[in-house]
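Just so you know, ligand 1 is whichever comes first in the structure, and atom 1 is the first atom listed for that ligand.
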Amino acid sequence: MYVWIKTLHVIAVIAWMAGMLYLPRLFVYHCEAAIGSQQSETFKLMERRLLKAIINPAMIMTWLPGLYLAWAGQWFSAPWLHAKLVLVLVLSGVHGFFSRCVKDFAADRNSRSQKFYRIINEVPTLLMIGIVILVVVKPF
Ligand code: HEM
């Protein structure tokens with residue numbers, strides 16, 4: 001059972017990360033589209049669908065099996081898991097921020113620059129590297 005839940009967890013992680021890496025790229029291109037243009041409306045649709053159909057469900061399917069694994073494997077006392085949870089909470093916060101950005105773009109009130117989105121685009125990557133090192137290497 002444990003390994004099947006872990007399989008589900010890793011599949012969900014891949015979907016969550018794919019979305020978290022792609023969404024800010026869409027924001028970067030969306031910044032170039034004029035408000036009211038066909039292109040801008042297409043980006044709005046892509047962003048909303050990516051968030052609602054992939055990123056949100058994938059986050060839930062990462063968290064629930066992840067918590068089950070932590071409980072079933074008795075990992076809750078392991079320091080690596082504490083560190084991993086801190087990084088995953090930050091990642092979830094970035095997720096929440098991205099969902100606010102989708103709302104801002106949808107209402108044509110984005111005020112952040114393209115450069116800002118290029119920089120924030122790297123944050124999920126850095127968090128993912130840290131999380132994977134912690135769970136695979138378990139350095140402490
Ligand atoms: C949402 C909260 C999360 C919790 C509570 C959690 C917890 C866990 C636990 C307890 C395991 C099993 C470790 C083992 O059997 O050795 C695991 C496996 C794994 N987790 Fe998470 N995790 C979470 C989120 C994430 C995220 C966001 C990522 C990647 C970005 C991730 C990547 C992985 C990977 C790759 C494995 C497989 C490691 C292996 O088999 O060696 N997890 N997770």
Open item on the list: Counting C-beta onward and ignoring hydrogens, is there a side-chain heavy-atom pair between Leu91 and Met17 closer than 4.5 Å?
Closed with: yes
Task: Distance-only donor-acceptor check, side chains Asn110 and Tyr117, under 3.5 Å - done: yes
- [ ] For atom 37 (C) of ligand 1, grab the closest protein heavy atom and report residue, atom and distance to one decimal in Å.
- [x] Val10 CG2, 4.0 Å
Open item on the list: Within the 4.5 Å heavy-atom criterion, are Asn121 and Phe27 side-chain neighbours or not?
Closed with: no
TODO: Number the atoms of ligand 1 from 1 as they appear, then name those within less than 4.0 Å of a heavy atom of Leu85, with their elements.
DONE: 5 (C)
Task: Validation row: Phe97, Ile120 side chains within 4.5 angstrom (heavy atoms) - done: yes
TODO: Could you list the atoms of ligand 1 found under 4.0 angstrom from a heavy atom of Val88?
DONE: 1 (C), 2 (C), 24 (C), 27 (C)
Task: For Tyr2, the ligand 1 atoms whose distance to one of its heavy atoms is below 4.0 Å - done: 12 (C), 13 (C), 14 (C), 15 (O)
TODO: Would you confirm whether the ring centroid of Phe43 sits within less than 6.0 angstrom of the ring centroid of Phe105?
DONE: no
Task: Which segment of Trp75 sits under 4.0 Å of ligand 1 when only heavy atoms are counted - done: side chain
Task: Option whose closest heavy atom lies nearest to atom 35 (C) of ligand 1, chosen from Ile60, Leu134, Val135 - done: Val135
Open item on the list: Pairs of nitrogen or oxygen atoms closer than 3.5 Å, one from Lys6 and one from ligand 1: do any exist?
Closed with: yes
Open item on the list: Within the 4.5 Å heavy-atom criterion, are Gln39 and Tyr29 side-chain neighbours or not?
Closed with: no
Task: Contact check: Lys138 vs ligand 1, nitrogen or oxygen atoms, below 3.5 angstrom - done: yes
Open item on the list: Show me which atoms of ligand 1 lie under 4.0 Å from any heavy atom of Thr62.
Closed with: 24 (C), 25 (C)
- [ ] May I ask you to check whether Lys84 brings an N, O or S atom to under 2.8 Å from atom 21 (Fe) of ligand 1?
- [x] yes
- [ ] Flag Trp80 as yes when one of its N or O atoms lies below 3.5 Å from any N or O atom of ligand 1, and as no otherwise.
- [x] no
Task: Considering all heavy atoms, the nearest Asp108-Lys44 contact - done: OD1-NZ, 3.1 Å
Task: Close side-chain approach of Phe76 and Leu67, heavy atoms under 4.5 Å - done: yes
- [ ] Can you figure out which of Ile14, Val3, Val13 has its heavy atom closest to atom 26 (C) of ligand 1?
- [x] Val13
TODO: Heavy-atom contacts with Ile131 under 4.0 Å: which atoms of ligand 1 show up? List them by number with element.
DONE: 26 (C), 28 (C), 29 (C), 30 (C), 31 (C)
